[in-house]
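FYI, side chains are in, hydrogens and waters are out, and symmetry mates aren't considered; it's all heavy atoms of this structure.
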Amino acid sequence: MARRLSLILAMLLVLNLCGCSDLPQSVTHPAEDTTTPQEENASAPLQMALAYSHDDTLNPFAATTEVNSQLTGLLYESLMVLDENFIPQLGLAASVEQPDATHLTVTLRKGAVFSDGSKVTPEDVVTSFQEAKKTDRYRALLSNVTTAKKEGSRVQFALVSADPNARACLTFPVVKGSTLTDKPAKAPLGSGVYKLKTTDSGLALVQNKRHPESPAFQEITLCHLPTNTARQHALASGEITYYYDDLSEGDTPRITGASRKVDTTTLVFVGLNGNRGKLKTAVVRRALSLMLDRTALTQAAYGEWAMASAAPVHPRWDWMSQVDTTADRDLDGATTLLEQAGCPSKEGKRLTLELIYVVTRSDRTRMAEQLRTQAKKAGVILTLVPLSEKEYRSRLKSGKYDLYLGESRLTADMSLRPWLAGGSTSYGVSRSGPAAKAYARYLKEELSLEKLMTVFAEETPYIPLCWRYGVAGFTRRLTVVTPTGQDPYAGVAQWQ
């Protein structure tokens, strides 16, 4: 009997292993590749290999893929370079003077040359500025810069209006104007640490020996990996050494090997239609901000890959060091303000609002659901309206919404013009409200940044929620990497 029982149990076990169970089968996420990475000889020199798209150009003003746009930081320099605290430092510029509120005068670095040995000229800077201003990538950055013109051996930039952070706008790449090309797998000449070279096996970046810095990696192999999934697998297998993802697709990263978070200026926020119903009242808008637990919202949508914050500019911007950027929830304060505005948390009298968002983004769906849950605790009824991208844009333009979930990347100068001065994300925001007026005074240096943040919180023209991170993934043998959100290859000459 015992022998028969053992045989039956063994047969049941075999059937279970063969997939006859009703239990759900596990699925391996593409980024969680379980194949063993290629063995590396720890004693052999590390060879640097990076991803790119062979079907796209490496012209920084014509590249259409994010991966190629990232690589342009290796080939080209800019007049100014942002440090890890988003503060502009001198690059190709030897000095930047501001003779008046609306002009910047740049003197080029002495001895600056392109990879072919020709001098970097003011004409090249002007041409690069004009090309950059045409592009989606740099148009917003340069929206307050009208012209660039040669002034002897220098370049003068004219601004539309005063801006104490205008130097940060000079972070566009400078190319040799006469070599501009938008052909696939080609690039104009630059003055960066590397230059493009065609080899028997494809394309490579080789050391630009005319650059003042000598990188640890004198040659970098480029591997045609046009998709993010392909790049993740290539990093796991050892085909590439490093890659960067700005996480703009809203997915939580899963990196095989070492990784690090990278601060970006991408803000996730709730837009408010200040022209509609109770939202016209600043007290109500302020209450909606106070009712939120931003840490819980951020965790729900992005896990550890975003930083909760109520600040409309990045909290790690160096100029924000004297500003209180805490965003603690104040549920009692929120309900008190709502009661003052005639919206008590009583059945039949509760504030009822619609929130529109793009349904194709899973992070937006998670964020929206958490917002509804938190609103309920404050006595606010939030109706979620998932929409296609097209429907979402249409509703925003027509003003047929109460709240919307938005995301926008602040430019290097931390400009709030897109929200407060009639820009691309100014839906429902008053251009004559207290925050807009305070921002105009701040730009003229008549108001401190700390005071501007106070006025912003009091009016709450929109509600900042969190700042998304990017992720740098790399082989564990690469021990020094210093990426920034502005340049994934910042300080590459010191990488090792």
State, with a plain yes or no, whether a side-chain heavy atom of K209 is found less than 4.5 Å away from one of Q218. no

CD (E450) and OG (S321) are apart, to the nearest 0.5 Å, by 10.0 Å

Within the structure provided, determine whether M80 and L90 are in side-chain contact (heavy-atom separation under 4.5 Å). yes

Quick one: are L443 and P164 in side-chain contact, heavy atoms under 4.5 Å? yes

Donor-acceptor check, side chain of T425 to backbone of P418, threshold 3.5 angstrom: yes or no? yes

Candidate pair S161 and N144, rule side chain to side chain donor-acceptor pair (under 3.5 Å), full reasoning: CA-CA 7 Å; S161 58; N144 191 46; 3.3 Å; yes

Given the rule in the side chain to side chain donor-acceptor pair (under 3.5 Å) test, do D55 and S53 qualify, once you have shown the distances and angles that lead to the verdict? CA-CA 5 Å; D55 301 322; S53 172; 4.5 Å; no

Single hit among K150, K149, K176 for salt bridge (charged side-chain N to carboxylate O under 4.0 Å, His left out) with E123: K150

Mind running salt bridge (charged side-chain N to carboxylate O under 4.0 Å, His left out) on K197 and E219 for me, showing each step along the way? CA-CA 10 Å; K197 178 183 177 181; E219 183 168 331; 5.2 Å; no

Could you go step by step and tell me if Y242 and Y489 meet the ring-ring contact (aromatic ring centres under 6.0 Å, His included) rule? CA-CA 10 Å; Y242 170 96; Y489 299 101; 5.3 Å; yes

Measure the OG1-CG distance between T72 and L58 for me, rounded to the nearest 0.5 Å. 8.0 Å

Output yes when a side-chain donor or acceptor of H54 lies under 3.5 Å from a complementary backbone atom of H224, and no otherwise. no

Taking atom NZ as the centre, does K186 end up with more than 12 heavy-atom neighbours from other residues, nucleotides or ligands that are less than 6.0 angstrom away? no

T266 side, atom OG1; W467 side, atom CH2 - distance, nearest 0.5 Å: 8.5 Å

Can you find a pair of side-chain heavy atoms, one from L92 and one from V106, that are under 4.5 Å apart? no

Sidechain-backbone polar pair: R260 side chain, V481 backbone, donor-acceptor under 3.5 Å: yes

Before accepting this row, confirm whether a basic side-chain N of the pair D136/R139 lies closer than 4.0 Å to the acidic partner's carboxylate O. yes

Does the ring centre of F172 sit less than 6.0 Å away from the ring centre of F61? no

For Q89, does the CD atom have more than 12 heavy-atom neighbours from other residues, nucleotides or ligands under 6.0 Å away? yes

For F474, give me all partners under ring-ring contact (aromatic ring centres under 6.0 Å, His included), at least two apart in sequence or on another chain. none

So, Y439 versus W419, ring centres under 6.0 angstrom or not? no

Begin with the C-alpha distance, continue with both residues' side-chain angles, and end with the deciding distance and a verdict on side chain to side chain donor-acceptor pair (under 3.5 Å) for T484 and Q486. CA-CA 5 Å; T484 67; Q486 174 80 6; over 6 Å; no

Verdict with supporting geometry, M367 and Y357, side-chain contact (heavy atoms from CB on, under 4.5 Å): CA-CA 10 Å; M367 181 75 81; Y357 64 97; over 6 Å; no

Could you grab the distance from atom CD1 of I356 to atom CG of L396, nearest 0.5 Å is fine? 4.5 Å

Would R364 and E407 pass as an ion pair if we require N to O under 4.0 Å? yes

Students often mix this up, so state it plainly: with edges at 30° and 60°, are the rings of Y462 and F269 parallel, tilted or perpendicular? perpendicular

From OG1 (T121) to CG (L108), nearest 0.5 Å: 8.0 Å

Closest non-hydrogen atom pair, V471 against S259: CG2-CB, 4.1 Å

Is a side-chain donor or acceptor of T127 paired with a backbone partner of D124 at a separation under 3.5 angstrom? no

Closest heavy-atom pair and its distance - T171, A412: OG1-CB, 3.9 Å

Measure the CZ-NZ distance between R395 and K390 for me, rounded to the nearest 0.5 Å. 15.0 Å

I'd like to know if R366 pairs up with E369 as an ion pair, taking the criterion as any Lys NZ or Arg NE/NH1/NH2 lying under 4.0 Å from an Asp or Glu carboxylate oxygen. no

Heavy atoms, side chains only, cut-off 4.5 Å: are L82 and D487 in contact? no

Determine whether a donor-acceptor pair (N or O, by modelled atom type, separation under 3.5 Å) exists between the side chain of T298 and the backbone of R294. yes

side-chain contact (heavy atoms from CB on, under 4.5 Å) between V174 and E77, worked out: CA-CA 6 Å; V174 174; E77 294 182 283; over 6 Å; no

Close side-chain approach of F456 and P464, heavy atoms under 4.5 Å: yes

Within-4.5 Å side-chain heavy-atom neighbours: R417 and D163: yes

Okay, side chain of D413, backbone of A168: is any donor-acceptor separation there less than 3.5 Å? no

Verify side-chain contact (heavy atoms from CB on, under 4.5 Å) between Y138 and K133, making sure each step is shown before the conclusion. CA-CA 6 Å; Y138 298 104; K133 201 165 172 64; over 6 Å; no

R409 and D246 ion-paired at < 4.0 Å: yes

Centres of the F129 and F157 rings: under 6.0 Å? yes

Main chain of R154, side chain of T107: is a donor-acceptor contact present, judged purely on distance under 3.5 Å? no

What heavy-atom pair brings A148 and V155 nearest, and what distance separates the two atoms? CB-CG1, 4.3 Å

For the residue pair V120 and S191, what are the closest heavy atoms and their distance? CG2-CB, 4.3 Å

Taking N68 for its side chain and D56 for its backbone only, find out whether a donor-acceptor pair lies under 3.5 Å. yes

When you check the gap from the basic side-chain N to the acidic O, do E66 and R137 get nearer than 4.0 Å? yes

For the student: nearest non-hydrogen atoms of E213 and Q494, plus distance: OE2-NE2, 3.0 Å

Do L449 and M320 pass the side-chain contact (heavy atoms from CB on, under 4.5 Å) test, and can you show the C-alpha distance, the side-chain angles, and the key distance before you say yes or no? CA-CA 8 Å; L449 181 62; M320 288 286 285; 3.6 Å; yes

Exam field: side chain T146 to backbone A158, donor-acceptor pair closer than 3.5 Å: yes

For D116, does its backbone N or O pair with a side-chain atom of K195 as donor and acceptor, under 3.5 Å? no

Should the heavy atoms of other residues, nucleotides or ligands under 6.0 Å from NE2 of H103 be counted, would the total exceed 12? yes

Nearest heavy atoms of D182 and T57, plus distance in Å: O-CB, 3.5 Å

Would you say V270 and L371 make side-chain contact, with heavy atoms under 4.5 Å? yes

